[in-house]
Protein chains: 2
Amino acid sequence: MTQQHRLNALLELVSDRGEISITEISDALQISAATARRDLNALADEHLLTRTHGGAVALGTGYELPLQYKIARQGEAKLAIAGAVSKLVSLSDSIGLNGGTTTSEVARALGRSPHLVGKDVEYGLTVVTNALNIGYELSVRPHIKIVVTGGIARRQSYELVGSIVTNTLSDLVLDTVILGVDGLSEQFGATTLHEGEAEVSQSFVKVAKRVIVVADSTKMGRATLARISPLDQIDVLVTEKPVSGALAAALDAANVRVVLP
Amino acid sequence: MTQQHRLNALLELVSDRGEISITEISDALQISAATARRDLNALADEHLLTRTHGGAVALGTGYELPLQYKIARQGEAKLAIAGAVSKLVSLSDSIGLNGGTTTSEVARALGRSPHLVGKDVEYGLTVVTNALNIGYELSVRPHIKIVVTGGIARRQSYELVGSIVTNTLSDLVLDTVILGVDGLSEQFGATTLHEGEAEVSQSFVKVAKRVIVVADSTKMGRATLARISPLDQIDVLVTEKPVSGALAAALDAANVRVVLP
DNA sequence: ATTCTGTGATTGTTATTGACTGTTTCAAGG
DNA sequence: CCTTGAAACAGTCAATAACAATCACAGAAT
């Protein structure tokens with residue numbers, strides 16, 4: 001029983017039953033609970049299932065609600081950033097969101113924020129996104145209207161990319177666009193690892209009245225493969241620690257407002 | 001009784017009855033009042049219900065559907081249909097899939113089918129869909145290229161609808177389109193419950209070389225609100241029981257091939 | 001032969017649940 | 001409009017189960 005076999009068998013078990021517990025796994029595959037946990041975590045890291053306390057559930061089973069577990073794994077910084085961002089959004093806004101772990105956290109925060117639940121409003125919050133996971137998770141929320149851009153799915157990030165995205169976005173106008181980025185540097189501005197995602201983010205910037213960049217402190221001063229936009233097209237940066245050094249000066253010069261939790 | 005179970009069961013109870021009390025919950029699910037309260041608060045935090053003194057009420061409509069999607073996982077008929085459909089698909093096809101419980105099962109079958117895993121092919125299976133849950137689930141499969149049409153999400157069915165969908169689809173050509181329908185009748189052909197979804201399905205039919213309709217036997221002879229297409233535009237019908245009566249004759253006259261598992 | 005990875009066992013830590021307690025809310029009756 | 005008792009609530013605690021981290025051993029790869 002190799003690792004590969006185990007992982008395959010595990011996936012099959014989970015997608016057959018919809019959910020599974022650690023003890024069921026260690027029983028069925030004759031492996032220790034420790035290994036069962038390791039395997040589940042490995043599969044969860046690749047987004048092939050959703051981990052829960054005591055086991056896992058297959059994708060697409062009802063409401064994948066025990067998100068606290070995921071959140072705990074993703075770190076405090078992103079959670080704090082997400083909370084701060086949701087305060088910058090108001091009811092009846094139309095919001096753009098690209099993909100990524102930080103923006104996914106922002107999406108969850110938007111879904112939770114009490115001040116975004118309109119009681120008697122005809123049009124509440126509208127979220128436009130090219131991220132499949134965000135669309136999927138938020139589509140259950142009654143108070144948010146979800147528009148998905150369409151496009152070709154990238155497995156690594158759940159993002160939709162390609163000409164379909166840019167075509168769709170060019171017909172829209174967004175009050176605020178919230179962009180997760182992989183790097184933010186003085187010289188190159190906001191950058192990302194994938195050129196297709198950069199193209200999408202550029203399209204978002206073009207149709208936005210206000211651009212908010214979300215990035216934790218590890219992204220500061222870093223530049224990755226593909227440019228999204230120079231600093232002066234950014235209106236607000238939300239991060240969890242004060243920015244220092246040359247980047248801070250550049251942000252100031254570009255009139256970027258820095259918001260901390 | 002895991003947390004998952006509890007939360008799902010709770011939402012089901014609430015949306016069935018409209019409202020529910022703590023004692024009813026702790027009685028029905030055999031849990032303590034404290035846990036019932038904790039669960040209700042968790043769901044209220046996610047805006048999936050509204051908390052009241054002594055219990056909770058459902059807000060709005062539309063939580064039944066994700067549950068249907070969960071139940072669909074267990075429907076034997078749909079599983080059998082899905083298996084039969086996947087045999088009609090070959091590697092390097094481009095496939096269209098609309099939303100619904102049956103097509104979701106088809107998508108899972110496509111993701112699992114060994115004969116669709118191309119080892120050294122440059123272009124394997126391509127799936128085009130307007131269903132968020134299908135896109136989300138299949139996007140993790142390395143051997144399938146996923147294209148999502150984009151559009152406005154319907155909470156009740158995970159389907160994307162609206163002009164964005166038709167715009168996107170009009171630029172594509174699909175080898176096979178697999179349509180889930182709510183009714184199939186001699187007089188009205190394939191029909192569905194929602195006019196927006198019907199529009200999308202029509203667009204799928206327009207760009208398809210081959211149209212496969214999937215429907216379990218409960219849909220036979222039934223007609224619902226919105227027409228998708230007459231029988232003679234359908235090439236194949238996949239269902240789990242032989243069709244009889246007037247509909248069978250009409251299918252024969254329209255040259256529809258009926259495939260059973 | 002020896003490194004290296006993967007597995008299982010062990011440990012301390014964390015999360016979840018139900019019971020308990022004091023406080024708050026609701027509604028009926030004055 | 002206020003009082004008052006019952007019900008529901010929030011907070012805390014202990015027990016249990018699950019978790020992450022570490023270590024040692026076995027088999028595989030080099």
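Chain naming here is simple, since letters A, B, ... match the order of the sequence lines and numbering starts at 1 in each.
OP1 or OP2 of C/dT17 has at least one side-chain nitrogen or oxygen of B/R6 nearer than 4.0 Å. Between B/T35 and C/dT17 there is no side-chain N or O to OP1 or OP2 distance below 4.0 Å.
In this structure, the nucleotide among C/dG8, C/dT7, C/dT17 sitting nearest to the side chain of A/I31 is C/dG8.
Using the six-membered ring where Trp is involved, A/Y158 and A/H47 have ring planes that are tilted, between 30° and 60° apart.
In this view, A/D175 and A/K209 satisfy the salt bridge (charged side-chain N to carboxylate O under 4.0 Å, His left out) rule, not counting sequence neighbours. Legend: residues meeting side chain to side chain donor-acceptor pair (under 3.5 Å) with B/R51, ordered by chain and number and at least two apart, are B/N41. Not a single side chain to side chain donor-acceptor pair (under 3.5 Å) links A/S244 to another residue, sequence neighbours left out.
Salt bridge annotation for A/K78-A/E240: absent, with no cationic side-chain nitrogen under 4.0 angstrom from a carboxylate oxygen. Using a 4.0 Å cut-off between a side-chain N of Lys or Arg and a carboxylate O of Asp or Glu, A/D39 and A/R6 qualify as a salt bridge.
The salt bridge (Lys or Arg N to Asp or Glu O under 4.0 Å) analysis of residues 20-37 of chain B, with sequence neighbours excluded, yields the pairs B/R17-B/E24.
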**Check against side chain to side chain donor-acceptor pair (under 3.5 Å), A/S201 and A/N98** = CA-CA 7 Å; A/S201 298; A/N98 73 347; 3.2 Å; yes
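Between the P atom of C/dG6 and the CD atom of A/Q30 lies a distance of 22 Å, rounded to the nearest Å. B/Q4 has its CD atom 16 Å from the C1' atom of D/dA18, to the nearest Å. Taking atom CG of residue A/L40 and atom P of nucleotide D/dA18, one finds them 13 Å apart after rounding to whole Å. In this structure, CG of B/L29 is placed 11 Å from P of C/dG18, rounded to the nearest angstrom. In this structure, CD of B/Q3 is placed 20 Å from P of D/dT16, rounded to the nearest angstrom.
For C/dG8, its base sits under 3.5 Å from the side chain of A/R38 at one donor and acceptor pair at least.
Comparing the start and finish of the helix from C/dA1-D/dT30 to C/dG30-D/dC1, five pairs each, the helix axis swings through 40°, to the nearest 10 degrees.
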Polar atom pairs (N or O), protein with nucleotides 3-10 of chain D, under 3.5 Å:
from: D/dA8; atom 1: O4'; to: B/H53; atom 2: NE2; distance (Å): 3.4
from: D/dA8; atom 1: O3'; to: B/G54; atom 2: N; distance (Å): 3.1
from: D/dC9; atom 1: OP1; to: B/R51; atom 2: NH1; distance (Å): 2.9
from: D/dC9; atom 1: OP1; to: B/T52; atom 2: O; distance (Å): 3.2
from: D/dC9; atom 1: OP1; to: B/G54; atom 2: N; distance (Å): 2.7
from: D/dC9; atom 1: OP2; to: B/R37; atom 2: NH1; distance (Å): 2.6

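No donor-acceptor contact under 3.5 angstrom links the side chains of B/T101 and B/S104, judged on distance only.
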